[in-house]
Amino acid sequence: MTGHHHDALGWTLDPVLTVPLALALLVYLIGWRRLSRRASTPVRPALCLSGWLVLTLSLTSPLHEAGERSFTMHMVEHELIMLVATLLLASSGAGGVLAWGLPRPLRQALGGSWKSSLRSLWRRLTEPVTATIIQAVVMWAWHAPILFDRALDSFGWHVAQHASFFISSLLFWWAMLHPRGRSGGYGVSAACLFATSLIGGALGALMSLSSSPWYADYAAMGMTGIGLDPVDDQRLAGLIMWIPGGAFHGIAALVLTYKWLKSSEGGAGALSLN
């Protein structure tokens, strides 16, 4: 772990993080400007920019350094990435805007026939059950002590951990919000969200109910950065994953269940008129 327990918290401005984040923002803003001149309906960037802001603050603000001194703060960082930032980005429809922000040769290359295999892979990865399994495997694997301790001790492994969380949760939320076949799809998405609330809740419950800390770096602290001993710090982190995290997925499941029922009613009404 970097830094000292009592040092003031600072911003994490490593180019490995800031350059990709800045480039993504620049490309999006260029694409937004270009499309705003051409599109008949306005491009609304609020969701994408909000998601980018939450992601950037999670990774670069003092919260990131706080996560090196407290597992609870580390969990807050992960929940912001996996629940808030990626949900906003997945619901923003930013892909087309980003494509328009690229230089013309790259935009033309995107229209080539070579991308059909990538489109097929994307469709497979964003099938709701597949995306749910991917996110669950990533979440449980990275919370195994051997991998989590490695991420705490190495900046490169920490970047890999956060990249895995970001990519898997972005795939997950895209799959939930853009199901195949709309009416029946939302029902599958709702079931996957309920399952995810149980999967994440089970991991959080195991942390909360454990009588010993799982991770060596946190265990070595006499007191963590938020004034808790390592066991209580882990229990609080587990509760955050278990209760608010599970409730977030549960509420999303109820919203999509409602959309599924409304779509089913609409389809049944259309059939009865025929």
Side-chain angles (χ1 to χ4, degrees), residues 44-55 58 72 75-95 122-140 142-143 164-209 235-272:
R44 295 182 174 86
L47 288 174
C48 182
L49 295 181
S50 297
W52 179 90
L53 182 62
V54 172
L55 178 65
S58 298
T72 295
M75 182 64 70
V76 170
E77 180 185 20
H78 290 172
E79 295 294 276
L80 285 173
I81 293 170
M82 299 184 73
L83 297 183
V84 182
T86 49
L87 172 58
L88 290 169
L89 291 171
S91 59
S92 70
W122 173 259
R123 288 182 64 84
R124 287 197 295 270
L125 293 177
T126 55
E127 192 279 322
V129 175
T130 302
T132 299
I133 293 171
I134 290 171
Q135 180 179 246
V137 169
V138 167
M139 181 169 54
W140 275 77
W142 274 111
H143 283 92
S164 299
F165 286 152
F166 174 76
I167 293 170
S168 64
S169 57
L170 187 64
L171 288 173
F172 173 78
W173 284 116
W174 178 271
M176 298 304 105
L177 298 174
H178 305 87
R180 315 282 190 262
R182 283 296 181 187
S183 59
Y186 283 129
V188 175
S189 294
C192 289
L193 280 161
F194 278 122
T196 299
S197 71
L198 297 176
I199 293 167
L203 180 58
L206 287 174
M207 293 177 188
S208 297
L209 299 175
R235 286 173 174 166
L236 181 56
L239 281 173
I240 290 172
M241 175 181 278
W242 184 6
I243 308 301
F248 193 98
H249 287 114
I251 291 170
L254 291 174
V255 171
L256 291 189
T257 298
Y258 174 77
K259 291 177 72 69
W260 173 50
L261 293 173
K262 292 294 289 183
S263 298
S264 299
E265 290 175 3
L271 288 173
S272 64

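Counting begins at 1 with the first residue of the sequence.
A ring-ring contact (aromatic ring centres under 6.0 Å, His included) with H249 holds for exactly one of W242, F194, W173; it is W173. Put simply, the residue from F172, F248, F165 that forms a side chain to side chain contact (heavy atoms under 4.5 Å, CB included) with M82 is F165.
Atom CG of L206 is separated from atom CH2 of W140 by 5.0 Å, given to the nearest 0.5 angstrom. Taken from CD1 in I243 to OG in S197, the straight-line distance is 11.0 Å, to the nearest 0.5 Å. In this structure, L80 CG and L87 CG are separated by 12.5 Å, a value rounded to the nearest 0.5 Å. For the atom pair CG (L193) and CD1 (I251), the distance works out to 11.5 Å, reported to the nearest 0.5 Å. Note: H143 NE2 to M241 CE = 4.0 Å, rounded to the nearest 0.5 Å. Atoms CG and CD, on L55 and E77 in that order, are 9.5 Å from each other to the nearest 0.5 Å.
Between the side chain of S189 and the backbone N or O of M176, at least one donor-acceptor pair lies under 3.5 Å. T86 places no side-chain N or O within 3.5 Å of a backbone atom of F166 that could act as its donor or acceptor partner.
Closest non-hydrogen pair, S169 versus I81, comes out as OG-O, 4.2 Å. Heavy atoms only, all atoms of each residue included: S168 and S164 are closest at OG-O, 2.8 Å. In terms of heavy-atom proximity, A46 sits nearest to S50 at O-OG, 2.7 Å. Minimum interatomic distance between S91 and L88 (heavy atoms only, all atoms of both residues): OG-O, 3.0 Å. S92 and L47 make their closest contact through CB-CB, 3.7 Å (heavy atoms, listed as atom of the first residue, atom of the second, distance). The two residues C48 and L89 have their closest heavy-atom pair at O-CD2, 3.5 Å.
With a 4.5 Å cut-off on side-chain heavy atoms, S58 and V54 count as touching. Annotation: side chain of R235 is not in contact with side chain of L239 (no heavy-atom distance under 4.5 Å).
With sequence neighbours excluded, no residue satisfies ring pair (Phe, Tyr, Trp, His ring centres under 6.0 Å) with W52.
Residue pairs meeting the side-chain hydrogen bond (donor to acceptor under 3.5 Å, both in side chains) criterion with at least one member in residues 126-137, sequence neighbours excluded, are T126-R180, E127-T130.
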